[in-house]
Amino acid sequence: MATLADSATIEIARLPHPAPTAVEAREALIADPGFGKVFTDHMIVVDYDEGTGWHNATLGPRGPIPLDPAASVLHYAQEIFEGMKAYRMADGSMGLFRADQNAQRFNASARRLAMPEVPEELFTAAVRQLVEADAEWFPPVAGGSLYIRPFMFATEPFLGVRPAKQYKFVVILSPAGNYFKSGAPAVSVWVSEYTRAAPGGTGAAKCGGNYAASLVPTGEAFAKGHDQVVFLDAAGNGWIEELGGMNLFFVFDDGSIITPPLTGTILPGITRDSLLTLARAEGLNIREEKYAIDQWQEDAKSGRLVETFACGTAAVVTPVGHVEGRKHDFTIGTGGPGQVTSMLRDKLVAIQRGSAPDPHGWVTKLS
Ligand SMILES: *Cc1c(COP(=O)(O)O)cnc(C)c1O
């Protein structure tokens, strides 16, 4: 068997699908897909073994993955993932947005979780081939996309505590509509007293464990009628970090914008990075700077702060309209989307969908 450990050329074997979803059933599923509930017919699976490296890459029917009950992911949570999208371009083709950045971040997460890196060519070939194989699952809805979920987990049956010697790299696809079910123009957020990531921890890695730890605070936010959680720094200084799965930007009345700096406890969002680049190209005064929760409230009340938005691949750019916490309660601007938020969102979406020039070379067209 050919191994891929040190090889740049990757053969992904095609396995036949015995029973692909019938056209009518598929069309019903993608007519109103929501987010993360509908899955396509195929998946990519690649195995890793310490001795062999990456091998046995297949594109085959999506289905359950057999797992030994002692597999270390089930005990010590060695798991990482990525979230990216294939977009429908203005010319009808499909495109990927900055997929190389997802591949690189995936490997940064792998290093932090003591997992093997996936060669960037393998990561992008897997994503590309799967999207092309299931292209007809693209949802025919406004703002629709094929959400791509690459992930890796430890499969070695071993209960000792050390990095596992066997892993699987898997890619699945989920036709997606709008992320927030309300489709509301602005979200309401709850300032949590739980924290998401401590200095020296795994906050900058996209690992399932971070999300597991955010579920209680997120549940609390939902129970109080909010859409998302805002996490503050773990040292208790009141610095705003990010939402459970999105980065934050603050817009002031003089046109300046700030976003919290990447200190190691914040996930380095690719949407965040893209918006920084776009705003700088527009000549906006945008800075990576710490911002405290009390200041946020004071500035919103005085009118110095005019807009706040959250950003990430799943929900793109989402205005934050209302903020509440045990010690805070305020509305931002009019409580709806602001001008700068809408302008940056439109610029980003236009590049992602190929309806504006792509000066940074961010989009790769698929066949
Ligand atoms: C994935 C993620 C983001 C957003 O990253 P994008 O690359 O923009 O999708 C922000 N915060 C957290 C915690 C995340 O997991």
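Only a predicted model underlies this, so the values are computations on that prediction, with no experimental measurement involved. Sequence positions, counted from 1, serve as the residue numbers for this chain.
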Is a donor on one side and an acceptor on the other found under 3.5 Å between the side chain of Ser214 and the backbone of Gly244?
no

Over 12 foreign heavy atoms within 6.0 Å of NZ, Lys327:
no

Taking the six-membered ring where the residue is Trp, are the ring centres of Phe151 and Phe106 under 6.0 Å apart?
no

Student check: side-chain heavy atoms of Thr263 and Pro199 closer than 4.5 Å
no

Gap separating the CD1 atom of Ile332 from the CD atom of Gln297, nearest 0.5 angstrom:
10.5 Å

One should read off an interatomic distance between Arg196 CZ and Leu232 CG, to the nearest 0.5 angstrom, of 13.0 Å

Is there a side-chain contact between Arg88 and Met94 (heavy atoms, below 4.5 Å)?
yes

Closer than 4.0 angstrom, basic N to acidic O: yes or no for Glu298 and Arg304?
no

Ring pair (Phe, Tyr, Trp, His ring centres under 6.0 Å), that's the test. Do Tyr211 and Phe81 meet it? Break it down for me.
CA-CA 11 Å; Tyr211 277 74; Phe81 65 95; 5.3 Å; yes

Would you check if the side chain of Thr259 reaches a backbone N or O of Leu248 as a donor-acceptor pair within less than 3.5 Å?
yes

Are Leu275 and Leu284 connected in the hydrophobic side-chain network, where two residues link if heavy atoms are under 4.5 Å apart?
yes

Single hit among His322, Glu324, Lys301 for side chain to side chain donor-acceptor pair (under 3.5 Å) with Thr331:
His322

Shortest non-hydrogen contact between Ala133 and Arg14, atoms and distance:
CB-NH2, 3.9 Å

For the pair Asp68 (side chain) and Ala70 (backbone), establish whether a donor and an acceptor sit closer than 3.5 Å, ignoring hydrogens and angles.
yes

Give a yes or no on whether the backbone of Gly201 and the side-chain of Arg112 come within a donor-acceptor separation of less than 3.5 Å.
yes

So how far is it from Thr271 OG1 to Leu344 CG, rounded to the nearest 0.5 Å?
12.5 Å

Heavy-atom pair of closest approach, residues Phe97 and Ile351:
CE1-CG2, 4.4 Å

Mind checking whether Ile148 and Val131 have side chains closer than 4.5 Å, heavy atoms only?
yes

Considering all heavy atoms of both residues, which atom of Phe123 and which atom of Ala99 are nearest to each other, and what is their separation?
CE2-O, 4.2 Å

List for me each residue that meets salt bridge (Lys or Arg N to Asp or Glu O under 4.0 Å) alongside Asp294, sequence neighbours excluded, and say none if there are none.
none

Please determine whether side chain to side chain contact (heavy atoms under 4.5 Å, CB included) holds for the pair Arg280 and Leu276, giving the CA-CA distance in whole Å, both sets of side-chain angles, and the decisive distance to 0.1 Å.
CA-CA 6 Å; Arg280 282 181 184 135; Leu276 279 168; 4.0 Å; yes

Using side-chain heavy atoms (C-beta onward) and a distance below 4.5 Å, is Ile286 in contact with Phe249?
yes

Which heavy atom of Ala205 sits nearest to which heavy atom of Asn210, and what is that distance?
O-ND2, 2.9 Å

Between His75 and Pro69 (side chain of the first, backbone of the second, donor and acceptor by atom type, cut-off under 3.5 Å), is there such a pair?
yes

Using a strict cut-off of less than 4.0 Å between a Lys/Arg side-chain nitrogen and an Asp/Glu carboxylate oxygen, indicate whether Glu156 and Lys168 qualify as a salt bridge.
no

Compare every heavy atom of Gly312 with every heavy atom of Met246, then report the nearest pair and how far apart it is.
CE-N, 3.9 Å

Polar side-chain atom of Asn107 near backbone of Val118 as donor-acceptor pair, under 3.5 Å
yes

Residues Asp233 and Lys290 bridged, charged N to O under 4.0 Å:
no

Report the C-alpha distance between Met152 and Glu79 in whole Å, list the side-chain angles of each, state the deciding distance to 0.1 Å, and finish with yes or no for side chain to side chain contact (heavy atoms under 4.5 Å, CB included).
CA-CA 6 Å; Met152 190 207 314; Glu79 190 271 353; over 6 Å; no

Criterion salt bridge (charged side-chain N to carboxylate O under 4.0 Å, His left out) on Arg26 and Asp41, from CA distance to verdict
CA-CA 10 Å; Arg26 184 181 72 225; Asp41 276 336; 5.8 Å; no

Between Glu288 and Arg272, is there a salt bridge with N-O shorter than 4.0 Å?
yes

Would you check if Tyr167 and Gln78 make a side-chain contact, meaning some heavy-atom pair closer than 4.5 Å?
yes

Using ring centroids (six-membered ring only for Trp), state whether Phe330 and Trp296 fall under 6.0 Å.
yes

Answer yes or no: does atom CG of Asp253 have more than 12 heavy-atom neighbours from other residues, nucleotides or ligands under 6.0 Å?
yes

For Pro260, side-chain contact (heavy atoms from CB on, under 4.5 Å) partners two or more places apart:
Phe250, Ile266

One pair to check against side chain to side chain contact (heavy atoms under 4.5 Å, CB included): Ser192 and Phe231. What are the steps and the verdict?
CA-CA 6 Å; Ser192 188; Phe231 287 108; 4.3 Å; yes

Would you check if the distance from the ring center of Tyr87 to the ring center of Phe138 is below 6.0 Å?
no

Using 30° and 60° as the class boundaries, would you call the ring planes of Tyr147 and Phe35 parallel, tilted or perpendicular?
perpendicular

Answer with yes or no whether the hydrophobic clustering places Phe153 together with Tyr48; edges join I, L, V, M, F, W, Y residues whose side-chain heavy atoms lie under 4.5 Å apart.
no

Any donor-acceptor N or O pair under 3.5 Å, side chains Ser274, Arg98:
yes

Side chains of Gln228 and Trp190: is there a donor and an acceptor less than 3.5 Å apart?
no

Give a yes-or-no answer on whether the side chains of Glu220 and Tyr194 include a donor-acceptor pair shorter than 3.5 Å.
no

Test side chain to side chain donor-acceptor pair (under 3.5 Å) applied to Asp134 and His42, step by step
CA-CA 7 Å; Asp134 280 336; His42 296 92; 2.8 Å; yes

Under a single-linkage definition using a 4.5 Å side-chain heavy-atom cutoff for Ile, Leu, Val, Met, Phe, Trp and Tyr, are Leu366 and Leu130 assigned to the same hydrophobic cluster?
yes

When you check the side-chain N and O atoms of Thr155 and Gln166, is any donor under 3.5 Å from an acceptor?
no

Please name the pair of heavy atoms, one in Lys85 and one in Thr313, separated by the smallest distance, quoted to 0.1 Å.
NZ-O, 2.9 Å

Can you tell if the side chain of Leu173 reaches within under 4.5 Å of the side chain of Arg149, non-hydrogen atoms only?
no

So if you build clusters from Ile, Leu, Val, Met, Phe, Trp, Tyr with side-chain heavy-atom gaps below 4.5 Å, do Ile12 and Met43 land together?
no

Just by distance, with hydrogens left out, do Asp299 and Tyr291 show a side-chain donor and acceptor under 3.5 Å apart?
yes

Approximate separation, where rounding is to 0.5 Å, of Leu67 CG and Ile65 CD1:
8.0 Å

Non-hydrogen side-chain atoms of Pro150 and Val127 separated by less than 4.5 Å
yes

What's the separation between atom CD in Glu82 and atom CZ in Arg105, rounded to the nearest 0.5 Å?
4.0 Å

Taking the side chain as every heavy atom from C-beta outward, state whether Val320 and Val230 have any pair of such atoms under 4.5 Å apart.
no

Does CD in Gln339 sit with more than 12 non-hydrogen atoms of other residues, nucleotides or ligands closer than 6.0 Å?
no

Would you say Val170 and Ile44 are hydrophobically clustered, going by side-chain heavy atoms of ILVMFWY under 4.5 Å?
no

What is the distance from atom CG of Leu305 to atom CD of Gln295, rounded to the nearest 0.5 Å?
10.0 Å

